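These notes are about the structure you will find just below.
The basis for the numbers below is simple: all heavy atoms, side chains too, and nothing from hydrogens, waters or symmetry mates. All figures in this text were calculated on a predicted structure; none of them were measured in a lab. Ligands are counted one by one from 1 in listed order, and the atoms in each one are counted from 1 as well.
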Amino acid sequence: MKDLRNLTEAEMQDLAKEAGQPAFRGRQLFGWVYKGRTDFREMTNLPEVFTAWLEENARIDSLKLLARQASKTDGTQKFLYGLPDGNAVETVFMKYKYGNTVCVSSQAGCRMHCAFCASGINGLVRNLTAGEIISQLMDTERETGEKVSRIVVMGTGEPFDNYEEISRFIRILHEKDGRNMSSRNFTVSTCGLVPVIERFSEEFPQVNLAVSLHAPDDELRSSLMPVNRSYPLDQLIPACRAYTEKTGRRITFEYALIRGKNDTDESIGKLIHLLRGMLCHVNLIPLNEVSETGLLTSGRKRAEEVREKLEAAGIPATVRRQLGADIDGACGQLRLKAQQAAESED
Ligand code: SAH
């Protein structure tokens with residue numbers, strides 16, 4: 001049985017043919033799926049024989065809502081969804097001036113083991129399918145009753161460690177008979193898998209790219225992000241520069257400020273030296289403290305000082321608005337809590 005949210009429009013047309021239907025029925029089906037319908041009987045322009053065939057041979061896998069937290073201050077909502085195999089993923093819904101955004105997860109767990117992050121604490125469980133990533137969008141719209149116009153792949157997981165499904169997810173949502181989402185409305189964030197950055201720049205030059213930098217030199221970066229041992233800065237920065245040159249698009253560097261680690265004047269001086277002259281933007285994130293890591297946040301005041309230093313050196317920088325500060329804000333915290341609760345019940 002196929003999860004229809006995994007299929008491109010062309011594949012849905014093939015499915016219609018398999019069911020003995022003309023290809024345009026596949027296009028109609030695709031349209032319904034992206035209107036959010038999950039019941040074949042509600043797809044009123046499909047012939048009875050086709051809906052009966054679909055009921056036997058296809059499914060639309062909605063996710064099961066396991067937990068939901070809503071911020072009382074800014075409209076942010078965080079969802080923990082159950083997958084058919086019992087795993088769980090987190091999705092965040094955010095309201096911005098320019099439209100609603102969802103932050104989706106790309107993997108259950110993560111194998112990158114960044115020192116500050118909750119998602120990698122228990123390692124990688126498995127890749128999500130394109131359909132499961134799309135479901136995070138579709139089911140969050142269902143749960144909130146709101147339309148979403150932008151998607152950021154910044155939840156649990158390393159998207160470039162699951163490239164095939166991430167590229168399929170973007171392609172499907174891009175299709176004009178479905179969501180018709182512009183590439184510019186996607187942002188993919190990576191910890192810095194250099195060969196995949198190069199491939200992505202070729203295949204998705206219009207999609208926004210964010211790179212988690214978090215440190216201005218190899219020694220510090222390797223201690224915070226083990227991936228830096230495979231792809232150190234003298235490979236990462238040229239790949240980022242090549243992305244901006246190839247696409248003409250600004251790259252975003254994420255920099256989580258960790259007290260006494262990467263927020264010193266010395267570190268910020270090195271950061272300026274590293275990025276000067278590049279078509280980029282630095283997104284400063286006061287660290288969300290995850291108690292298991294023992295790392296502390298620099299706080300908003302220091303983040304503002306760092307922003308001013310970068311701006312004075314000609315590097316555009318913003319301090320990320322802290323959305324959902326009153327709910328478990330940091331990546332993977334809700335999922336981690338649920339796992340810990342389940343373990344303590346065992
Ligand atoms: N694996 C991808 C995307 C997921 S994480 C990546 O590394 O970019 C999304 C962003 O949140 C990354 O920049 C990540 O480094 C950051 N992040 C993870 N844990 C954090 C924490 N506790 N506080 C602040 N930012 C965090």
**Prompt:** Do E48 and R41 have side chains that get closer than 4.5 Å, going by heavy atoms?
**Reply:** yes
**Asked** Purely on distance, is any nitrogen or oxygen of V290 under 3.5 Å from one on ligand 1?
**Response** no
**Prompt:** Based purely on interatomic distance, does I285 place a nitrogen or oxygen under 3.5 Å from a nitrogen or oxygen of ligand 1?
**Reply:** no
**Message:** For the CD atom on Q206, are there more than 12 heavy atoms of other groups (residues, nucleotides or ligands in this structure) within a distance under 6.0 Å?
**Reply:** yes
**Prompt:** Do other residues, nucleotides or ligands put more than 12 heavy atoms under 6.0 Å from R111 CZ?
**Reply:** no
Using a 4.0 Å cutoff against the non-hydrogen atoms of [X], which atoms of ligand 1 qualify?
X	value
C117	18 (C), 19 (N)
H214	13 (O), 14 (C), 15 (O)
C191	6 (C), 7 (O), 8 (O)
G157	1 (N), 2 (C), 3 (C), 4 (C)

[X]-[Y] side chain donor-acceptor pair, cut-off 3.5 Å:
X	Y	answer
S105	Y81	no
S106	E158	no
E165	N127	no
R168	N6	no

Indicate, as side chain, backbone, both or neither, the part of [X] found under 4.0 angstrom from ligand 1 when only non-hydrogen atoms are considered.
X	result
E289	neither
T190	backbone
E158	both

**Asked** Taking the non-hydrogen atoms of G155, is any one of them nearer than 4.0 angstrom to ligand 1?
**Response** yes
